[in-house]
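Right, one structure below, let's go through it.
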Amino acid sequence: MNKGKLIVFSAPSGSGKTTIVKHLLGQEDLNLEFSISAASREPRGEEVHGKDYYFISLEEFKKHIKAEDFLEWEEVYRDNFYGTLKSEIERIWAMGKNVIFDIDVAGGLRIKHKFPEQTLAVFVKPPSVDELKRRLKQRSTESDDKINMRIAKASVELATAPQFDVIIKNYDLAVALEEAHQLVKDFISKK
Ligand code: 5GP
């Protein structure tokens, strides 16, 4: 099987990494396909099963852990499990495409360690924790409790940034999108 490249985007929730990943998926020259994670949480807003996530029950998720079906998985928030199924990567490589991930920092670093040469691990840095809070509140898809849980985690996640291959500062979205495109383009054109 032709093994494509792995492009990991990790960041605290609200940093804008999902926006960047969606933008890159629209760039045909990059030949990217989104790694759809399994998640044990409920769909939010307009999210679609089999597109944004494979929404499965906690019980089903635990069965996949036992069967060793995951390349990596994390209990990102209490009782909210997220993971990359091995079958997902195989599916994308079989299409002859490169894989792009939108995953948390621990999962991102795990993929980098498993496939060091093939992976570009990118950390997306928000301007500040206050700005993160503002963005999460603006998104208003979650309760204050859940937002506070995400903020608390953000500070811990920000400290892992130096372990990534590159850090993109998302202070100005247009600049961040351009920088991300160039970085991925350079990486996938390397042998
Ligand atoms: P959200 O609930 O906002 O969609 O995602 C919460 C966090 O879980 C985000 O940082 C998201 O990137 C991360 N996440 C999504 N899928 C995966 C996955 O497969 N593995 C890991 N480790 N984290 C994931």
**Message:** Before you tell me yes or no, could you show the steps for Lys133 and Arg150 under side-chain contact (heavy atoms from CB on, under 4.5 Å), namely the whole-Å CA-CA distance, both residues' side-chain angles and the distance that decides it to 0.1 Å?
**Reply:** CA-CA 9 Å; Lys133 200 181 279 183; Arg150 286 174 188 266; over 6 Å; no
**Message:** Apply side-chain contact (heavy atoms from CB on, under 4.5 Å) to residues Phe9 and Ile20 and explain how you reach the verdict.
**Reply:** CA-CA 9 Å; Phe9 274 81; Ile20 297 176; 3.8 Å; yes
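- Taking CE of Met149 as the start and CD1 of Ile151 as the end, the distance is 11.0 Å to the nearest 0.5 Å.
- For Phe101, the ring pair (Phe, Tyr, Trp, His ring centres under 6.0 Å) test picks out no residue, with sequence neighbours left out.
- Taking OG of Ser37 as the start and CG of Leu71 as the end, the distance is 10.5 Å to the nearest 0.5 Å.
- Scanning all heavy atoms of the two residues, the minimum distance from Trp93 to Gln118 falls at CZ2-NE2, 3.3 Å.
- A donor-acceptor pair is defined here as one N or O able to donate and one able to accept, closer than 3.5 Å; such a pair exists between the side chain of His113 and the backbone of Leu109.
- Note that the CD atom of Glu88 and the CG atom of Asp69 stand 12.5 Å from one another [nearest 0.5 Å].
- Looking only at side-chain heavy atoms (C-beta outward), Pro12 and Leu158 come within less than 4.5 Å of each other.
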**Request:** Please lay out, stage by stage, how Leu85 and Arg91 fare under the test side-chain contact (heavy atoms from CB on, under 4.5 Å).
**Result:** CA-CA 10 Å; Leu85 290 160; Arg91 173 182 80 83; over 6 Å; no
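- For Ile56 against His64, the heavy-atom pair with the smallest separation is CD1-CD2, 3.8 Å.
- When the side chains of ILVMFWY residues are joined at heavy-atom separations under 4.5 Å, either directly or via intervening members, Leu6 and Val184 end up in two distinct hydrophobic clusters.
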**Request:** May I have the step-by-step check of salt bridge (charged side-chain N to carboxylate O under 4.0 Å, His left out) for Lys112 and Glu117, ending in yes or no?
**Result:** CA-CA 8 Å; Lys112 176 71 189 174; Glu117 300 302 321; over 6 Å; no
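- At least one donor-acceptor pair closer than 3.5 Å links the side chain of Lys17 to the backbone N or O of Ala11.
- Between the side chain of His49 and the backbone N or O of Tyr54, no donor-acceptor pair lies under 3.5 Å.
- For the atom pair CZ (Phe34) and CD1 (Ile100), the distance works out to 8.5 Å, reported to the nearest 0.5 Å.
- Smallest separation of non-hydrogen atoms from Leu58 and Ser40: CD1-OG, 3.9 Å.
- Here Phe70 and Phe81 keep their ring centres 6.0 angstrom or further from each other.
- Between Ser13 and Leu136 there is a side-chain heavy-atom pair separated by less than 4.5 Å.
- Ala176 approaches Asn170 most closely through the heavy-atom pair CB-OD1, 3.7 Å.
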**Request:** Step by step, work out the side-chain contact (heavy atoms from CB on, under 4.5 Å) result for Glu47 and Phe55.
**Result:** CA-CA 10 Å; Glu47 287 177 332; Phe55 293 104; 3.5 Å; yes
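- Using a 4.5 Å heavy-atom cutoff, the side chains of Phe164 and Val124 are not in contact.
- Looking at heavy atoms from C-beta onward, Lys5 lies out of side-chain contact with Thr119 at the 4.5 angstrom threshold.
- The closest side-chain heavy-atom distance from Ile147 to Lys137 is below 4.5 Å.
- Within the 4.5 Å cutoff, the side chain of Asn31 has no heavy atoms near those of the Ile188 side chain.
- Few gaps surround NZ on Lys153; more than 12 heavy atoms of other groups in view lie less than 6.0 Å from it.
- Using a distance-only test at 3.5 Å, with no hydrogens or angles considered, no donor-acceptor pair links the side chain of Glu131 to the main chain of Pro126.
- In this model, a donor atom of one side chain and an acceptor atom of the other lie less than 3.5 Å apart for Thr84 and Glu72.
- Linking ILVMFWY side-chain heavy atoms closer than 4.5 Å, directly or via other members, places Val8 and Val76 in two distinct hydrophobic clusters.
- In this structure, Pro127 and Arg135 approach most closely via the heavy-atom pair CD-NH2, 3.5 Å.
- Salt-bridge annotation for Glu59 and Lys62: absent, with no side-chain N of the basic residue lying under 4.0 Å from a carboxylate O of the acidic one.
- Taking 4.5 Å as the limit, every side-chain heavy atom of Asp130 sits out of range of all side-chain heavy atoms of Arg134.
- The line from CG of Asp29 to NZ of Lys185 is 5.0 Å long, rounded to the nearest 0.5 Å.
- Side-chain contact check for Thr18 and Asp102: at least one donor-acceptor pair (N or O, by modelled atom type) lies under 3.5 Å.
- Taking the side chain as every heavy atom from C-beta outward, Ile36 and Asp52 never approach each other to under 4.5 Å.
- Residues Ile168 and Leu25 fall within the same hydrophobic cluster, defined by Ile, Leu, Val, Met, Phe, Trp and Tyr side chains chained together at heavy-atom separations under 4.5 Å.
- For NZ of Lys86, the number of neighbouring non-hydrogen atoms (other residues, nucleotides, ligands) closer than 6.0 Å is greater than 12.
- Val21 and Ile111 fall into different hydrophobic clusters, defined by Ile, Leu, Val, Met, Phe, Trp and Tyr side-chain heavy atoms under 4.5 Å apart, directly or through other members.
- A salt bridge between Lys63 and Glu60 is absent, with no side-chain N of the basic residue lying under 4.0 Å from a carboxylate O of the acidic one.
- Rounding to the nearest 0.5 Å places OG of Ser10 at 6.5 Å from CG of Asp104.
- Phe115 is not connected to Met95 by any chain of hydrophobic side-chain contacts under 4.5 Å among Ile, Leu, Val, Met, Phe, Trp and Tyr, and they are in different clusters.
- Ring to ring, Phe61 and Tyr82 are not that close: their centroids are 6.0 angstrom or more apart.
- Here the closest non-hydrogen pair linking Trp73 and Arg110 is O-NH1, 3.3 Å.
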